[in-house]
Amino acid sequence: MTTTDRLTTRALATALPRRALAGLALAAGLGLSALPAVAQVAQPRQIAAQGEGQASAAPTEAFIAGGTQIQARTAREAMDGNARAMRQVQEALRQAGIADRDVASSGLSLQPQVEYPSGGRPRVTGYVAGHRLRVRVRDLATLGEVLDKMVAAGANQIDGLQLSVPDWSAKVDEAREAAIVDARRKAEVLAKAAGARLGKVLSITESGGAMPPPVMRSRASGVSAAYESTPIATGDQTFRLSVSIAWELVD
């Protein structure tokens, strides 16, 4: 060992812990390099494609948002009048075949009516009481009749109508399978054009998949009871989903 080698060894002994020194000594005794070798792992050739899928279904039920609103001179009169009107609406729903479990209160309000005279102090001129319901109609064939009966019984607020499909799980799977088939078809075309073929699947990423937005229909408040039977157009709701898939590319 030369003088330079001895100086280097002493410097390493000062800087390194005993375990590291033991490893260096073993490597030197075996004639190996003290620095670890970096393994080079070859990445597989791959190809990725995105697929789109969709499935449609006709709504089978509806949710009505609406209720009563009564204005009176005092708060008590407004609440009492609104209670009477709401009892009539709920009875009309029962007569239309809507079960009690499908009728739920979604809001109750009492607000003062304030007048702001020019140059004067604000003053309360009356009160408005409101009661909102969410009504589930399981038979769409009766939807127009249910709306008519509600309004005829005293419902003067129809805030919206949501048409929906109760169980989307089967349709989601249908859209998902269609998206995977679409992605594979695209990838196979690309691989064949490149003189290769698809190997094993390396990754799958799904995007989208949110429930389709509810179909809304609105009617203005203060609807008169004297109108023709309400026509309802249901249409279809479409669920869309996309997937990104990566395959190993083989010869």
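Reckoned from all heavy atoms, side chains included, excluding hydrogens, waters and symmetry mates.
Residues Glu145 and Leu147 have side chains not in contact (no heavy-atom distance under 4.5 Å, counting atoms from C-beta outward). Contact check for Arg138 versus Asp102: side-chain heavy atoms found under the 4.5 Å cut-off. Residues Glu248 and Arg45 are not in side-chain contact: their nearest non-hydrogen atoms beyond the backbone lie 4.5 Å or more apart. When side chains are defined from C-beta on, Met79 counts as touching Leu110, because their heavy atoms get closer than 4.5 Å. Leu161 is listed as a side-chain neighbour of Leu143, based on a closest heavy-atom distance under 4.5 Å. The shortest side-chain heavy-atom distance between Val243 and Ser207 does not fall under the 4.5 Å cut-off. For the pair Met150 and Ile64, the minimum side-chain heavy-atom distance is below 4.5 Å. A 4.5 Å side-chain heavy-atom check between Gln162 and Arg136 finds every atom pair outside the cut-off.
Salt-bridge check for Asp80 with Arg84: failed, with every basic side-chain N at 4.0 Å or more from each acidic carboxylate O.
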inquiry  = One pair to check against side chain to side chain contact (heavy atoms under 4.5 Å, CB included): Asn156 and Val151. What are the steps and the verdict?
reply    = CA-CA 6 Å; Asn156 54 6; Val151 175; over 6 Å; no

ask   = Should Lys171 and Glu174 be marked as a salt bridge (charged side-chain N to carboxylate O under 4.0 Å, His left out) after you check the CA-CA gap, both sets of side-chain angles, and the distance that decides it?
value = CA-CA 5 Å; Lys171 291 299 176 182; Glu174 183 180 329; 3.4 Å; yes

query = Do Asp100 and Arg94 pass the side chain to side chain contact (heavy atoms under 4.5 Å, CB included) test, and can you show the C-alpha distance, the side-chain angles, and the key distance before you say yes or no?
reply = CA-CA 7 Å; Asp100 289 345; Arg94 294 188 188 96; 3.0 Å; yes

message = Before you tell me yes or no, could you show the steps for Asp182 and Lys186 under salt bridge (charged side-chain N to carboxylate O under 4.0 Å, His left out), namely the whole-Å CA-CA distance, both residues' side-chain angles and the distance that decides it to 0.1 Å?
response = CA-CA 6 Å; Asp182 185 46; Lys186 294 175 182 177; 3.3 Å; yes

task = Begin from the C-alpha positions of Phe239 and Val172 and carry the test side chain to side chain contact (heavy atoms under 4.5 Å, CB included) through to its verdict.
result = CA-CA 7 Å; Phe239 183 93; Val172 171; 3.5 Å; yes

query = So Arg132 and Gln69, side chain to side chain contact (heavy atoms under 4.5 Å, CB included) or not? Walk me through it.
reply = CA-CA 9 Å; Arg132 295 290 182 272; Gln69 189 176 79; 3.9 Å; yes

message = Determine whether Glu188 and Arg184 satisfy the following criterion, salt bridge (charged side-chain N to carboxylate O under 4.0 Å, His left out), listing intermediate values before the conclusion.
response = CA-CA 6 Å; Glu188 286 177 342; Arg184 186 175 187 89; 3.1 Å; yes

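Closest of all the heavy-atom pairs between Ser164 and Phe63 is OG-CE1, 3.6 Å. What you find for Pro122 and Pro117 is that their closest heavy atoms are CA-CD, 4.3 Å. Between Pro59 and Val165 the shortest heavy-atom distance is CA-CG2, 3.8 Å. Between Ala49 and Ala183, the closest heavy-atom pair is CB-O, 3.5 Å. The two residues Ala78 and Ala72 have their closest heavy-atom pair at N-CB, 3.4 Å. When all heavy atoms of Ala178 and Gly53 are compared, the pair lying nearest together is CB-CA, 4.0 Å.
Surrounding CZ of Arg73 are at most 12 heavy atoms belonging to other residues, nucleotides or ligands under 6.0 Å away.
Without hydrogens or angle criteria, Thr74 side chain to Glu77 main chain gives a donor-acceptor distance under 3.5 Å. Of the possible polar contacts, one joining the Gln237 side chain to the Leu163 backbone as a donor-acceptor pair under 3.5 Å is found.
The same ILVMFWY cluster, assembled from side-chain heavy atoms under 4.5 Å apart, contains both Leu241 and Ile204. When the side chains of ILVMFWY residues are joined at heavy-atom separations under 4.5 Å, either directly or via intervening members, Leu108 and Ile158 end up in two distinct hydrophobic clusters. In the hydrophobic clustering of ILVMFWY residues, with side-chain heavy atoms under 4.5 Å counting as a link, Leu190 and Ile245 come out together. Residue Leu133 is grouped with residue Val137 when hydrophobic side chains (ILVMFWY) are merged at heavy-atom distances under 4.5 angstrom, including chains of intermediate members.
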Show me the side-chain donor-acceptor pairs of residues 194-203 shorter than 3.5 Å, one per line, residues at least two apart or across chains.
from   : atom 1 : to     : atom 2 : distance (Å)
Arg197 : NE     : Asp251 : O      : 3.2

For residues 123-131, which side-chain N or O atoms pair as donor and acceptor with protein atoms under 3.5 Å away, sequence neighbours left out?
from   : atom 1 : to     : atom 2 : distance (Å)
Arg123 : NE     : Glu115 : OE1    : 3.1
Arg123 : NH2    : Glu115 : OE1    : 2.9
Thr125 : OG1    : Gln113 : O      : 3.2
His131 : NE2    : Ser105 : OG     : 2.8

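Between the side chains of Gln50 and Glu52, at least one donor N or O sits under 3.5 Å from an acceptor N or O. Between the side chains of Ser56 and Asp236, no donor-acceptor pair is found at a separation under 3.5 Å.
Here the straight-line distance linking atom CG of Leu249 with atom CD of Gln46 works out to 9.5 Å at 0.5 Å rounding.
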